[in-house]
Amino acid sequence: MDYIKKASDQLRQLITEALGKTIADGTFPAVPLPDFNVEIPADKSHGDFASNVAMVSAKAFHTAPRKIADALIDKIDLNDSLFERCEVAGAGFMNFFLSRKWFSDVVKNVLTEKDSYGKTGLGNGKRILVEFVSANPTGPMHIGNARGGAIGDCLVSVLQWAGYHAEREFYVNDAGNQIEKFGKSLSLRYMQLCSEKGQQTIYNCMSDTEKLCNDIYSQSGEGQAFEMPEDVYLGRDIIEHTANFYKQHLFELENVTEEERRKALVDYALPLNIAGLERDLRKYRIVYDTWFMESKLHESGETMRIVDKLRETGHTYVQDGATWFRATDFGVDKDFVLVRANGIPTYVVPDIAYHYDKLVTRNFDKAVNILGADHHGYVPRLKSALTALGVDADKLDVVLMQMVRLVRDGEVVKLSKRSGKAITLVTLLDEVPIDAARFYFNLREANSQFEFDLDLAVEKSSQNPVYYVQYAHARICSLLANLTAEGIEIPDSANLDILTNSREIELIRHLATLPKEINLSAKTYDPSKITKYAIDLATLFHRFYDACSVKNAETPDIMNSRILLCIAVRQVLKNVLTILNIESPEKM
């Protein structure tokens with residue numbers, strides 16, 4: 001039950017009925033009425049809800065707003081409603097105040113719905129496929145993938161809580177230029193190991209693979225023992241793969257063709273990398289419903305069928321032997337190449353085929369991609385091609401994500417202390433708790449830049465937002481445990497109408513807004529609204545707890561009511577942390 005929506009809908013109905021009465025008795029003329037707003041004012045002294053109905057009706061009624069508001073107050077019937085009174089403010093704003101029963105019902109509703117509290121039917125079961133991370137499988141995941149992973153995973157949870165059938169998908173780019181580059185890199189490193197210099201290095205390191213990789217890596221570069229060209233991957237992981245392959249197969253690939261060598265090395269290393277991606281993401285608490293392989297699009301012929309479809313509909317032309325797509329016909333600034341003169345499709349073609357598969361073949365109602373901000377020019381091109389294929393491009397939504405800066409001791413961190421390389425997801429999780437990483441990466445909207453303070457993320461204080469939220473949950477657990485240990489029975493029910501302290505009211509009002517925040521987060525694809533909600537809830541609880549004693553309450557009835565309020569807060573904190581896939585500790 002969404003008690004905010006319930007109150008808002010009822011208030012709109014009450015106002016509409018009052019308007020009808022004023023027209024029926026001739027107070028105002030029978031004219032079409034403009035739409036009016038029912039909203040929650042920022043300043044709660046102005047009521048729990050407010051409406052501009054008198055202001056927007058002034059022109060239609062040819063009457064001052066204040067006079068209209070006064071007339072409506074005379075006609076509005078709040079008996080047996082969720083509201084106890086209405087006031088007119090200023091030139092004619094109408095402010096409405098909720099009844100004590102509404103606040104009691106909110107707490108009862110949380111205690112009744114428990115783990116389901118906050119879930120809504122907004123999505124009505126519509127199918128949404130969220131693709132996120134989709135890191136290049138030729139190397140480890142970087143910090144951008146860490147942020148994209150947290151955002152995407154939490155977004156799927158939010159959508160599911162909002163009533164959508166949402167799934168997680170990882171698109172594996174296991175074909176194309178990056179795989180060619182991967183194979184070339186592996187082949188070069190393998191042949192280095194087979195060389196005289198490589199053999200000497202192997203001999204010096206004997207069976208110590210770690211030392212072997214370090215020695216080769218340290219001797220790589222222009223003028224070094226193991227030179228590498230610029231158009232290859234230079235990471236240490238390439239050396240590790242070839243070293244492990246060599247240990248198993250020795251010189252087996254030394255005298256085969258370059259094509260055979262590259263294929264054998266890619267067939268060995270790529271599955272290990274993909275398994276590593278899946279393992280590292282599982283450590284990050286991300287489990288995908290589907291790992292979709294780009295290679296399947298090529299093997300099935302779907303990639304070139306997409307080009308044929310675009311040709312058949314007259315949206316392509318040939319220039320200098322290459323096949324171009326008429327993107328400018330769809331508002332894009334320039335056309336782009338689909339198939340090069342050598343007959344090889346560009347990277348965008350399998351991407352078009354992939355999204356056609358999402359929206360047509362698998363028939364998802366929506367496809368949502370979490371992409372880096374550098375993809376802003378890619379999105380219009382992809383949408384233009386989908387439109388040309390007869391697909392509603394509005395079914396594709398893209399969340400563009402800004403990079404995050406890691407900070408330690410007030411300084412931007414670019415390298416890992418341990419390896420001297422760029423910090424990856426794995427090295428980050430070696431330093432920062434998973435809860436902190438997932439929470440921090442969802443602290444801001446995806447399109448905003450922010451700094452991830454590595455020192456603060458591990459700090460056990462109220463300055464650390466995830467610790468602050470988890471501590472609120474643990475604090476309630478400790479309170480209940482202590483009460484039980486002292487022989488105080490935890491009540492099943494109480495008179496919640498007596499919770500009238502302003503701190504209690506603030507807290508209950510915030511509990512009521514969770515379904516609304518979940519819906520808003522789902523509509524805007526912004527899970528940072530959930531972390532903000534959690535922080536605000538923890539803040540309101542700590543304020544309440546410091547101002548309103550539970551154990552030493554004024555009366556036993558008030559104590560029992562406050563105990564139930566604490567249990568309700570604990571439940572909502574747990575639900576929110578569950579959405580974020582963050583632990584809800586009972587002790588800290």
Side-chain angles (χ1 to χ4, degrees), residues 129 131 134 136-138 169 171-185 229-233 257-260 262-263 266 270 292-364 367-369 371-398 400:
L129 183 63
E131 181 214 335
S134 296
N136 192 331
T138 59
E169 184 156 291
Y171 180 52
V172 184
N173 296 113
D174 63 335
N177 288 337
Q178 72 274 9
I179 300 302
E180 291 295 322
K181 185 176 178 180
F182 187 51
K184 180 179 179 180
S185 309
E230 293 183 357
D231 61 337
V232 295
Y233 295 118
T257 66
E258 178 67 14
E259 182 179 355
E260 289 174 317
R262 290 185 184 184
K263 183 180 185 307
V266 169
L270 191 61
F292 191 102
M293 303 294 176
E294 178 188 342
S295 56
K296 290 185 177 180
L297 296 171
H298 297 283
E299 292 165 2
S300 67
E302 192 59 31
T303 300
M304 292 310 296
R305 273 196 289 273
I306 287 296
V307 177
D308 292 339
K309 289 177 186 289
L310 292 171
R311 283 196 187 107
E312 292 165 5
T313 53
H315 295 299
T316 67
Y317 62 91
V318 176
Q319 182 176 305
D320 298 328
T323 301
W324 290 70
F325 174 65
R326 300 181 187 276
T328 49
D329 290 350
F330 300 91
V332 181
D333 57 350
K334 58 182 179 180
D335 298 341
F336 56 86
V337 175
L338 294 173
V339 183
R340 302 179 183 90
N342 61 8
I344 298 175
T346 59
Y347 76 92
V348 74
V349 178
D351 284 356
I352 297 168
Y354 172 48
H355 286 83
Y356 188 87
D357 180 89
K358 291 180 183 181
L359 296 169
V360 178
T361 306
R362 288 185 280 168
N363 197 30
F364 278 92
V368 179
N369 294 356
L371 298 173
D374 56 341
H375 286 74
H376 68 279
Y378 158 90
V379 177
R381 287 190 289 170
L382 184 57
K383 287 197 169 196
S384 66
L386 289 172
T387 302
L389 291 166
V391 180
D392 181 1
D394 287 338
K395 287 186 173 183
L396 171 62
D397 289 329
V398 176
L400 292 177

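Any value given below was found using the heavy atoms of this structure, including those in side chains, with hydrogens, waters and symmetry copies removed. Source: prediction; values computed, not measured. Sequence positions, counted from 1, serve as the residue numbers for this chain.
- Among all heavy-atom pairs drawn from Pro345 and Thr303, the shortest one is CG-CG2, 4.3 Å.
- With rounding to the nearest 0.5 angstrom, the CG atom of Asp357 is 9.0 Å from the CD1 atom of Ile306.
- In the displayed structure, Asn342 atom CG is contacted under 6.0 Å by more than 12 heavy atoms of other residues, nucleotides or ligands.
- The residues Glu131 and Lys358 are annotated as salt-bridged, a charged nitrogen and a carboxylate oxygen being separated by less than 4.0 angstrom.
- With rounding to the nearest 0.5 angstrom, the CG atom of Leu386 is 10.0 Å from the OH atom of Tyr356.
- Residues Asp231 and Lys184 have side chains in contact (heavy-atom distance under 4.5 Å, counting atoms from C-beta outward).
- Scanning both residues, Ala388 and His315, for their nearest heavy atoms gives CB-CD2, 3.6 Å.
- The CD1 atom of Ile179 lies 5.0 Å from the CG atom of Leu270; values are rounded to the nearest 0.5 Å.
- By the 30° and 60° cut-offs, the orientation of the rings of Phe325 relative to Phe330 is parallel.
- The distance from atom CG of Leu338 to atom CZ of Arg326, rounded to the nearest 0.5 Å, is 11.5 Å.
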From CA spacing to verdict: side-chain contact (heavy atoms from CB on, under 4.5 Å), Leu389, Ile352:
CA-CA 10 Å; Leu389 291 166; Ile352 297 168; 3.7 Å; yes
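- Contact detail for Ala175 and Glu294: the closest heavy-atom pair is O-OE1, 3.6 Å.
- Inspection of the Asn136 and Lys181 side chains reveals no N or O donor paired with an N or O acceptor under 3.5 Å.
- Side-chain contact between Lys395 and Phe364: absent, with no pair of heavy atoms (C-beta onward) separated by less than 4.5 Å.
- For Val232 against Pro229, the heavy-atom pair with the smallest separation is CG2-O, 3.1 Å.
- Within the structure, salt bridge (Lys or Arg N to Asp or Glu O under 4.0 Å) contacts touching residues 295-306 (residues at least two apart or in different chains) are Glu302-Arg305.
- Contact check on Glu258 versus Arg262 returns a salt bridge, with a Lys/Arg side-chain nitrogen under 4.0 Å from an Asp/Glu carboxylate oxygen.
- Here the OG1 atom belonging to Thr316 is positioned 6.0 Å from the CZ atom belonging to Arg311, to the nearest 0.5 angstrom.
- Applying the 6.0 Å contact sphere to CD of Glu259 captures no more than 12 heavy atoms from other residues, nucleotides or ligands.
- Panel note: side chain Asp174, backbone Met293; no donor-acceptor pair is recorded below 3.5 Å.
- No side-chain donor-acceptor contact under 3.5 Å links Asp320 to the backbone of Ala322.
- To the nearest 0.5 Å, atoms CD (Glu169) and CZ (Arg362) are separated by 4.0 Å.
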Show me the donor-acceptor pairs, under 3.5 Å and distance only, between side chains in residues 372-385 and residues at least two apart or in other chains.
residue, atom, partner, partner atom, Å
His375, ND1, Gly372, O, 3.4
His376, ND1, Ala373, O, 3.1
Tyr378, OH, Asp351, OD2, 3.1
Arg381, NH2, Tyr347, OH, 3.0
Lys383, NZ, Leu396, O, 2.9
Ser384, OG, Pro380, O, 3.4
Ser384, OG, Arg381, O, 2.7

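- For the pair Pro137 and Asn173, the minimum side-chain heavy-atom distance is below 4.5 Å.
- Side-chain contact annotation: Asn369 with Tyr171, donor-acceptor N/O pair under 3.5 Å absent.
- Annotation for Gly183 and Val266: closest pair CA-CG2, 3.5 Å, computed over non-hydrogen atoms.
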